[in-house]
Protein chains: 2
Amino acid sequence: MNLKQLSQMLELSQTTVSRALNGYPEVNEETRRRVMDAARRHGYRPNPSARRLATGKAGMIGYVLPTGSAVDIDPHFVEFLSGLGDYARAHDFDLVLSPADAQDEETTYRRVVANKQVDALYVSSPKPADKRIKLLEQLGLPYIVHGRSEGLHFDYPFMDIDNEGAFHEAGRLLVQLGHSRIALINGQRAETFAVFRERGLRNALAASGLVLATPMIRSFAMTEENGYRAARSLLETSPRPTAIICSSLIMALGVVRAARDLGIEIPKDMSLIAHDDVFPWLKPENFSVPLATTRSSIRLAGARIAERLAARISGLEEGKSGEVWPVDLVVRGSVAGAPTRANS
Amino acid sequence: MNLKQLSQMLELSQTTVSRALNGYPEVNEETRRRVMDAARRHGYRPNPSARRLATGKAGMIGYVLPTGSAVDIDPHFVEFLSGLGDYARAHDFDLVLSPADAQDEETTYRRVVANKQVDALYVSSPKPADKRIKLLEQLGLPYIVHGRSEGLHFDYPFMDIDNEGAFHEAGRLLVQLGHSRIALINGQRAETFAVFRERGLRNALAASGLVLATPMIRSFAMTEENGYRAARSLLETSPRPTAIICSSLIMALGVVRAARDLGIEIPKDMSLIAHDDVFPWLKPENFSVPLATTRSSIRLAGARIAERLAARISGLEEGKSGEVWPVDLVVRGSVAGAPTRANS
DNA sequence: GGTATTCCCCAAAGCGCTTTGATTATTGCG
DNA sequence: CGCAATAATCAAAGCGCTTTGGGGAATACC
């Protein structure tokens with residue numbers, strides 16, 4: 001069933017039917033009702049390709065997916081996607097993933113924009129001075145960044161959580177509990193969130209006259225194995241840290257394993273706080289010692305970004321406004337006062 | 001730069017230019033070279049919407065993504081996607097995710113097909129007698145199922161791993177090591193893979209005159225927490241199982257935690273084997289006791305499915321052939337002989 | 001030499017929609 | 001009553017591509 005057939009059936013022109021369906025004012029309300037009704041009854045659905053060709057609007061939002069044998073999409077993505085998908089379903093648009101060579105995403109961005117394949121894009125895992133943001137700004141397609149870049153000389157629309165504040169809080173708590181040797185196991189430095197988290201922790205320590213020394217920082221891709229290695233190398237120094245703050249629950253698994261291997265008890269010998277993006281399949285309260293976390297649902301972020309993208313597409317949202325969500329600090333059994341000298 | 005401009009520039013008709021570019025035979029090789037060359041130089045890219053409208057081909061493959069507040073996309077999906085994305089990038093097509101209400105995926109499938117939004121679909125997590133397969137068969141769009149259904153009275157194209165064989169092997173190994181009380185912590189029964197795995201294990205036991213009794217089976221969504229609960233409930237019975245086979249690495253985390261809580265040592269008191277889909281962020285060899293696994297890369301499966309979908313789209317692959325990949329059994333420290341009576 | 005092939009290329013007709021520019025009723029106003 | 005304004009509809013022109021159905025020129029065949 002296409003427009004032509006429908007309009008013949010109604011003995012109206014395609015123009016009128018099209019307008020009736022798309023809510024244009026220059027059509028009699030009675031007629032509109034008739035049209036809407038017939039469309040529903042016959043299950044008429046405008047052909048998206050035709051509509052796209054005519055309007056230039058795609059009804060889809062896009063994401064450039066970095067791929068390559070060396071590239072691992074991380075499991076956070078799927079949670080984010082859940083949120084995005086929820087909103088997208090409710091508002092009837094699809095998502096296009098355009099795989100790109102991780103070495104050369106620019107080509108793909110340009111292609112997607114030039115072809116008008118999508119109405120908006122979202123950008124994730126922004127790096128400091130991220131080129132993709134510059135590019136999109138220049139290409140003029142609506143977009144939102146999930147996270148933040150740094151050192152860009154213009155504003156851009158983003159949605160981020162307060163990584164700095166979160167790790168500041170976490171650090172402050174540890175300091176209050178008497179810890180002074182606090183280590184950080186972070187995600188890769190190339191990611192802006194890692195920069196912010198480090199900064200937050202550093203400032204928290206500085207506020208009490210403490211220093212976050214380079215040897216107390218590890219930055220790696222967030223795998224269990226890297227968490228283990230980082231923790232091990234930290235805990236084998238002397239004097240060892242009495243507390244670790246860690247950027248992901250998955251890494252925290254490795255940290256816990258390292259502590260166990262070394263006979264270090266949590267929280268007696270060492271406190272541990274990790275950032276929790278809220279996975280349904282791995283919960284901090286179920287760690288052998290319930291894990292204190294800085295918590296923020298990445299899924300909700302996905303839904304919010306979808307919402308804002310939709311608003312931008314339809315012109316309801318403009319400007320370059322950034323949005324920063326606060327992060328909860330959830331204290332659980334993995335934190336305790338710093339061990340007394342006798343223990344350490 | 002569009003076809004019209006390009007053809008004017010070359011002083012050729014759009015027909016000829018189009019044909020030259022798409023490799024049709026009725027064009028002079030010399031002309032073709034000229035055209036190809038000009039197209040490259042001017043960065044001409046056919047507008048996909050127009051092409052789609054004209055040909056009905058979309059240049060995209062689709063996936064209907066079940067969503068809803070109660071639905072969790074599981075982390076396996078992202079690994080699968082990595083593989084799919086790798087292939088898609090290399091062969092220049094995009095992926096469309098169409099979010100659907102998990103309660104009513106049919107509507108979305110119909111829409112996607114009716115609109116010709118994609119050239120092919122892939123279906124994951126098939127259930128026994130999966131309705132989606134019937135529907136697609138009837139709608140006539142190329143598709144491939146990742147996994148298998150059961151009880152369908154027709155053939156369909158699928159790619160699956162040998163779940164039955166894998167758990168058969170795993171079971172056989174345990175039996176050979178003297179285990180007789182073997183428990184299964186499985187994924188949800190609604191998933192066909194869970195049915196196959198149970199069957200594999202059951203047959204392995206039966207081959208030695210043993211029985212996989214219902215009280216020795218647990219079936220839940222594959223989260224750490226469910227792994228813990230299942231293991232706990234199994235290990236608190238008496239006599240308790242001396243070995244557990246578990247359907248996922250994530251669940252295995254919970255199993256290990258349960259064993260630890262109960263003071264049960266792996267592998268001395270209990271052997272453990274889990275299925276490993278190969279995540280970059282969680283590796284079985286890094287469990288506190290290296291975990292024996294049945295291993296199969298879900299990422300490779302993604303790439304293979306993309307390949308087959310592409311072949312189907314271009315008519316290179318036909319028929320309903322299923323493809324079953326063998327699964328490696330990787331023995332590591334988490335398996336040992338059954339404990340002697342004194343220990344159990 | 002004339003006719004049949006083959007080789008290249010073209011004009012034009014879609015694909016299904018939106019939108020512009022008119023056209024035909026209807027109503028309002030002096 | 002006549003003319004302007006308003007409302008409601010339509011025909012037709014794109015959007016950028018593929019593909020059908022020819023057609024002219026060069027080559028082959030008898």
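Being a predicted model, the structure only gives us computed values, none of them experimental. Reminder, nothing fancy here: chain letters follow the sequence lines and each chain counts from 1.
A heavy atom lying under 4.0 Å from DNA chain D marks the following residues of residues 21-54 of chain A, by number: E26(A), V27(A), N28(A), T31(A), L53(A), A54(A). Looking at residues 2-10 of chain A, you'll see that no heavy atom sits under 4.0 Å from any atom of DNA chain D.
For N115(A), the side chain to side chain contact (heavy atoms under 4.5 Å, CB included) partners are R111(A), Q117(A), R45(B), P48(B), not counting sequence neighbours. Residues meeting the side chain to side chain contact (heavy atoms under 4.5 Å, CB included) test with K127(B), sequence neighbours left out: S125(B), D130(B), R132(B), A190(B), E191(B). Annotation: side chain to side chain contact (heavy atoms under 4.5 Å, CB included) contacts of K134(A) (sequence neighbours excluded): L152(A), F154(A). Every side-chain hydrogen bond (donor to acceptor under 3.5 Å, both in side chains) that T107(A) has, sequence neighbours left out, goes to D104(A). Shown here are the side chain to side chain contact (heavy atoms under 4.5 Å, CB included) partners of A310(A), two or more places apart in sequence or in another chain: Y87(A), F93(A).
Residue pairs that meet the salt bridge (Lys or Arg N to Asp or Glu O under 4.0 Å) test with at least one member in residues 143-157 of chain B, sequence neighbours left out, are R148(B)-D160(B), E150(B)-R199(B). Within the structure, every pair that satisfies the salt bridge (Lys or Arg N to Asp or Glu O under 4.0 Å) test and touches residues 316-325 of chain B, not counting sequence neighbours, is listed here: E137(B)-K320(B), R304(B)-E323(B), R308(B)-E317(B), R308(B)-E323(B), R312(B)-E317(B). Among pairs with a residue in residues 58-76 of chain A, those fulfilling side chain to side chain donor-acceptor pair (under 3.5 Å) read Y63(A)-S124(A), T67(A)-R89(B), D72(A)-R299(B), D74(A)-H76(A), H76(A)-D277(A), at least two apart in sequence or across chains.
Classification of the F80(A)-H146(A) ring pair by plane angle, with boundaries at 30° and 60°, yields parallel.
In this structure, the side chain of T16(A) does not engage the main chain of L12(A) through any donor-acceptor pair within 3.5 Å. Distance alone, capped at 3.5 Å, places no donor-acceptor pair between the D94(A) side chain and the V96(B) backbone.
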Just the table, please: protein N/O against nucleotides 23-27 of chain C N/O, every pair under 3.5 Å.
none

Identify the pairs formed between an N or O of the protein and an N or O of nucleotides 11-13 of chain C at a distance under 3.5 Å, and give each distance.
unit_1  : atom_1 : unit_2 : atom_2 : d
dA11(C) : N7     : T15(B) : OG1    : 3.3
dA11(C) : N6     : T15(B) : OG1    : 2.5
dA12(C) : N6     : T15(B) : OG1    : 3.4

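Here T55(A) does not reach the OP1 or OP2 of dT18(C): none of its side-chain N or O atoms lies under 4.0 Å away. The shortest distance between the side-chain N/O atoms of S18(A) and the OP1/OP2 oxygens of dC17(C) is not below 4.0 Å.
Annotation for G85(B) and L65(A): closest pair CA-CD2, 4.5 Å, computed over non-hydrogen atoms.
Side-chain polar atoms of S18(B) and T15(B) form no donor-acceptor pair below 3.5 angstrom.
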